[in-house]
Amino acid sequence: KRHMYWISIPHRDSLPGPGAPCYLADSAQSIGNVVTAVRNGENDELLVVLTDEAISSAHLVIDGVRSEITKNDLPYSI
């Protein structure tokens, strides 16, 4: 099952575009994708749809680049 998450990653040269695939570092199977991304100071912030198991990982490969991730709280609750 997949859910929407808001994550931060260290700043990179270019932001991943909508639909960019996300992978666990040791897997070739997609575990989600980017919905949107913005720059915020030294970090890039992404709204992503990921599997529940993927969000517990400290690193993801996002659009071909391995990145350390920080999970943020969404500004709403369901």
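The figures here come from the full heavy-atom set of this structure, side chains too, leaving out hydrogens, waters and symmetry mates. The first residue of the sequence shown is numbered 1, and numbering continues consecutively from there. Computed from a predicted structure; not experimentally measured.
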Check: Does the pair V48 and N33 meet the rule for a side chain to side chain contact (heavy atoms under 4.5 Å, CB included), with working shown?
Finding: CA-CA 6 Å; V48 293; N33 61 298; over 6 Å; no
Next item on the list: Assess whether side chain to side chain contact (heavy atoms under 4.5 Å, CB included) is satisfied between V34 and D63, documenting all intermediate values.
Entry: CA-CA 9 Å; V34 174; D63 202 21; over 6 Å; no
Note to self: Is there a side chain to side chain contact (heavy atoms under 4.5 Å, CB included) between I62 and I9? Walk through the geometry before answering.
What the structure shows: CA-CA 10 Å; I62 301 170; I9 61 174; 4.1 Å; yes
Next item on the list: Step by step, work out the side chain to side chain contact (heavy atoms under 4.5 Å, CB included) result for L50 and L60.
Entry: CA-CA 10 Å; L50 299 172; L60 294 177; 3.8 Å; yes
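The shortest non-hydrogen separation linking P16 to A37 is O-CB, 3.7 Å. Residues V61 and A25 approach most closely at CG2-CA, 3.9 Å, considering heavy atoms.
Note that the CG atom of D26 and the NE2 atom of H59 stand 12.5 Å from one another [nearest 0.5 Å]. Distance OG/S8 to CD/E68: 11.0 Å, rounded to 0.5 Å.
Neither L47 nor I7 shares a network with the other; the hydrophobic side chains, linked directly or stepwise wherever heavy atoms of I, L, V, M, F, W or Y lie under 4.5 Å apart, form separate groups for each. A continuous path of hydrophobic side-chain contacts links V35 to L74 [ILVMFWY only; heavy atoms under 4.5 Å]. If you chain together hydrophobic residues whose side chains sit under 4.5 Å apart, L15 and V49 never meet in one group.
Of the possible donor and acceptor atoms, none in the side chain of S67 sits under 3.5 Å from a partner among the backbone N and O of I69.
Pairs engaging residues 40-55 under the side chain to side chain donor-acceptor pair (under 3.5 Å) rule: H3-D52, Y5-D52, W6-E45, H11-D44, R39-D44, N40-E45 [sequence neighbours left out].
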